[in-house]
Asks: 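After the structure tokens below, expect a handful of questions from me.
Just so we're clear, the structure is a prediction, and the values are computed from it rather than from any experiment. Numbering starts at 1 and runs along the sequence shown. Numbering of ligands and ligand atoms starts at 1, following listing order.
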Amino acid sequence: MTLIGEKVVRALNQQLNRELYSAYLYLSMSAYFESLGLRGFANWMRVQWQEELMHAMKFLDYIADRGGRVELFAIEEPPKSWSSPLNAFEFGLDHEKKVSKFISDLVELSIAEKDHATFNMLQWFVKEQVEEERSFGEITGKLRLAQDDSKILLLIDGELAKRKFGGGE
Ligand code: FEO
């Protein structure tokens with residue numbers, strides 16, 4: 001029983017893989033921050049890793065709910081280190097902008113395929129990407145202002161230590 005077109009299933013499986021890559025990327029950033037002794041930053045990235053796993057599972061569950069076949073492709077190896085905390089956040093912000101573009105392409109596909117259920121499911125991600133770009137953008141902005149001031153960096157680290165995974169609803 002298939003309730004969903006093959007073209008849409010293929011694209012959703014690709015996005016599932018990208019969300020898993022995002023999780024892997026932020027786990028790698030968490031390890032990078034841990035290696036610098038910035039445990040607040042490491043915590044923030046670990047929460048981000050959980051968020052991305054939740055995104056991946058939303059795609060996986062949706063594909064299965066619609067009678068599509070879930071496929072798990074190889075996950076690309078993420079970078080291991082960055083030149084500075086600012087550089088890591090700039091990388092993350094760029095990554096989120098790319099994800100937003102992929103979500104937008106998926107929305108376009110759902111319209112072209114007249115797949116209203118997929119269109120509707122994707123609206124959650126359209127909203128979520130605004131939040132993703134905002135949170136990466138905000139911290140990137142603070143790190144730009146801090147420049148190399150280690151006191152400010154430690155203040156930001158203390159702030160980021162407070163982030164907790166909220167389950168993502
Ligand atoms: Fe799953 Fe960061 O977008």
Asks: Under 2.8 Å from atom 2 (Fe) of ligand 1, which protein N, O or S atoms are there? Could you list them by chain and number?
Replies: Glu52 OE2, Glu96 OE1, Glu96 OE2, Glu132 OE2
Asks: Is Arg46 close enough and on-axis enough to Tyr26, meaning under 6.0 Å and within 45°, for cation-pi?
Replies: no
Asks: Take His55 and Ser22 through the side chain to side chain donor-acceptor pair (under 3.5 Å) test and state the conclusion after the steps.
Replies: CA-CA 10 Å; His55 294 172; Ser22 301; over 6 Å; no
Asks: List the residues meeting side chain to side chain contact (heavy atoms under 4.5 Å, CB included) with Asn13, not counting sequence neighbours, and say none if there are none.
Replies: Val9, Leu16, Ile63, Val70, Glu71, Phe73
Asks: Fit a plane to each ring of Phe41 and Phe33, take the angle between them on a 0 to 90° scale, and name the class: parallel (under 30°), tilted (30 to 60°) or perpendicular (over 60°).
Replies: parallel
Asks: Can we say Lys98 and Asp94 salt-bridge, meaning some charged N sits less than 4.0 Å from an Asp/Glu carboxylate O?
Replies: no
Asks: Determine the interplanar angle of the Phe89 and Phe136 rings, folded into 0 to 90°, and report it as parallel if under 30°, tilted if 30 to 60°, perpendicular if over 60°.
Replies: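 If you compare the ring of Phe89 with that of Phe136, the planes turn out tilted.
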